[in-house]
Amino acid sequence: MSVRTLPLLFLNLGGEMLYVLDQRLRAQNIPGDKARKVLNDIISTMFNRKFMEELFKPQELYSKKALRTVYDRLAHASIMRLNQASMDKLYDLMTMAFKYQVLLCPRPKDVLLVTFNHLDAIKGFIQDSPTILHQVDETFRQLTEIYGALSAGEFQLIRQTLLIFFQDLHIRVSTFLKDKVQNSNGRFVLPVSGPVPWGTEVPGLIRMFNNKGEEVKKIEFKHGGNYVPAAKEGSFELYGDRVLKLGTNMYSVNRPVETHMSGASKNLDSKTQENISPNPLAKEELNFLARLIGGMEIKKPSGPEPGFRLNLFTTDEEEEHAAVSRPEELSYEVINIQATEDQQRKEELARIMGEFEIPEQPRQSASKGDDLLAMMDEL
């Protein structure tokens, strides 16, 4: 397991979250100023300096439920509100999109290009906010400094750690199904065509060498695919052509995106239910959550501006049905951490979590389109 995986996981999942929220805000006709405020507040919180300092410390990955709690707080860092079902759907879309990108990375190091694609798109959301833009550029600098010198083997370990994290998630996404990159069982289809990884040759030739390192024989074989050489390597600079399209916004074309549990996901085995049985790292996970959430500076809504709900489903009925039909083992509502009693840590975490509590805004008798549950049914 790589201790350098968490920042890449967090930033890429966060990028996918912003893609979905941006698409739903536009689809539900949320006024431009409100939509910009939501994205600006979330991005500002996401790239907060103290938060990034905690994130970039070498550390093991923790449970899906612990990370889900962080994203729940992040999604509610502004005036927008999502109910449980919409938040579940949002997290499903985030995780499956990034899993697909990790699987299709031509070489392990390209996961860094995927991250840069997300950061490039995020900068597009905040191009009129120089202060927040500086926060994102500072994170880019940290990524370049820490990951730029890693070897291919270290990137392979990072990729393997990410795949282990995602290995039991097989949620079907309508966009992937329509594009035929995902099967009906929720597993992705790996292509046998297109550019090969940068620095490698198109398959189809075996070279044999003697003990002096001289080439003595060539054998050609049929590889069954339709591969071509890579035109050029993607840029790892602050500005440049990433070449790789993985990690760009797949919601830029407005279309509904649905998620469905596959049969394999509904019948998860015991190892998947990671938080039902005691976790030997539970106390460390609690400390991690306290530090990570403590690094977030959640801004409470100021002034009379009311919050609004965003709905990730087409109708309220669909959202209610999703809430009751979701398998219990996939619910992220409660983090069940079995840890030895630590009163001081308990009080500290309770204090931090209490700071996140934002009073419910009084509902106004406005139309649903204005409500933002009319906004993604409270994304």
Side-chain angles (χ1 to χ4, degrees), residues 2 4-5 7-16 18-19 97-127 133 136-163 166 175-176 179-182 188-207 209 213 215 218 220-253:
S2 172
R4 289 295 186 187
T5 307
L8 299 181
L9 177 63
F10 175 80
L11 292 171
N12 285 287
L13 288 180
E16 288 300 321
L18 291 166
Y19 290 166
F98 185 44
K99 177 181 179 179
Y100 172 70
Q101 294 156 14
V102 174
L103 281 171
L104 266 66
C105 273
R107 54 180 182 165
K109 186 178 180 179
D110 288 338
V111 73
L112 196 54
L113 290 177
V114 173
T115 309
F116 290 166
N117 273 336
H118 281 113
L119 293 186
D120 290 344
I122 289 171
K123 288 195 287 186
F125 292 142
I126 52 167
Q127 54 189 340
L133 194 59
V136 179
D137 283 343
E138 178 61 22
T139 298
F140 189 103
R141 185 195 63 76
Q142 288 180 275
L143 285 168
T144 303
E145 183 180 301
I146 294 172
Y147 294 91
L150 295 187
S151 67
E154 289 171 307
F155 274 110
Q156 172 61 17
L157 186 58
I158 287 173
R159 181 177 184 271
Q160 202 64 32
T161 305
L162 288 169
L163 292 176
F166 290 125
T175 299
F176 293 143
D179 293 343
K180 300 188 184 303
V181 298
Q182 190 180 33
F188 288 109
V189 178
L190 298 181
V192 289
S193 62
V196 296
W198 173 257
T200 63
E201 299 179 8
V202 174
L205 182 66
I206 299 174
R207 293 187 176 91
F209 298 84
E215 185 178 309
K218 291 182 180 179
E220 293 186 357
F221 65 93
K222 294 183 178 180
H223 52 70
N226 184 25
Y227 298 103
V228 295
K232 60 178 180 178
E233 185 179 23
S235 171
F236 291 89
E237 301 299 322
L238 179 60
Y239 300 101
D241 182 6
R242 311 300 177 197
V243 178
L244 195 69
K245 299 305 178 186
L246 296 171
T248 55
N249 192 348
M250 69 175 180
Y251 307 101
S252 53
V253 176

Pairing residues for Phe176 by the ring pair (Phe, Tyr, Trp, His ring centres under 6.0 Å) criterion, not counting sequence neighbours = Tyr100, Phe188

Check whether any side-chain N or O of Ser2 sits under 3.5 Å from a backbone N or O of Leu157 as a donor-acceptor pair, and report yes or no.
-> no

Under 3.5 Å, side-chain donor or acceptor atoms of residues 189-204 against the rest of the protein: list the pairs with distances, not counting sequence neighbours.
{"residue": "Thr200", "atom": "OG1", "partner": "Pro197", "partner atom": "O", "Å": "2.5"}
{"residue": "Glu201", "atom": "OE1", "partner": "Arg207", "partner atom": "NH1", "Å": "3.2"}

Residues in ring pair (Phe, Tyr, Trp, His ring centres under 6.0 Å) contact with Tyr147, at least two apart in sequence or another chain | none

In chain order, what residues pass the side-chain hydrogen bond (donor to acceptor under 3.5 Å, both in side chains) check against Ser151, with sequence neighbours excluded?
-> Glu154

More than 12 heavy atoms from other groups under 6.0 Å of CD on Glu138 = yes

Taking the side chain as every heavy atom from C-beta outward, state whether Val243 and Leu113 have any atom pair closer than 4.5 Å.
-> no

Quick one: salt bridge (Lys or Arg N to Asp or Glu O under 4.0 Å) partners of Lys180, sequence neighbours excluded?
-> none

Within-4.5 Å side-chain heavy-atom neighbours: Phe98 and Val111 = yes

Starting at CZ of Phe155, measure out to CG of Leu8 and round the result to the nearest 0.5 Å.
-> 7.5 Å

Above 12 or not: heavy atoms from other molecules or residues under 6.0 Å from CD of Glu220?
-> no

Hey, are the side chains of Phe140 and Tyr239 touching, using non-hydrogen atoms and a 4.5 Å cut-off?
-> no

Glu145: what forms a side-chain hydrogen bond (donor to acceptor under 3.5 Å, both in side chains) with it, not counting sequence neighbours?
-> Arg141

In this structure, CG of Leu112 is separated from CG of Leu150 (nearest 0.5 Å) by 8.5 Å

Set of side-chain hydrogen bond (donor to acceptor under 3.5 Å, both in side chains) partners for Glu16, sequence neighbours left out | Gln101, His118

Donor-acceptor under 3.5 Å (Asn117 side chain, Leu244 main chain) = yes

side-chain contact (heavy atoms from CB on, under 4.5 Å) with Leu133: which residues, sequence neighbours excluded?
-> Lys123, Ile126, Asp137

Is any side-chain heavy atom of Leu246 less than 4.5 Å from a side-chain heavy atom of Asp110?
-> no

Output side-chain donor-acceptor pairs under 3.5 Å for residues 224-233, partner residues at least two apart or in another chain, one line each.
{"residue": "Lys232", "atom": "NZ", "partner": "Asp241", "partner atom": "OD2", "Å": "3.2"}
{"residue": "Glu233", "atom": "OE2", "partner": "Arg107", "partner atom": "NH1", "Å": "3.4"}
{"residue": "Glu233", "atom": "OE2", "partner": "Arg107", "partner atom": "NH2", "Å": "2.6"}

Tell me the salt bridge (charged side-chain N to carboxylate O under 4.0 Å, His left out) pairs involving residues 242-252, sequence neighbours left out?
-> Asp120-Arg242

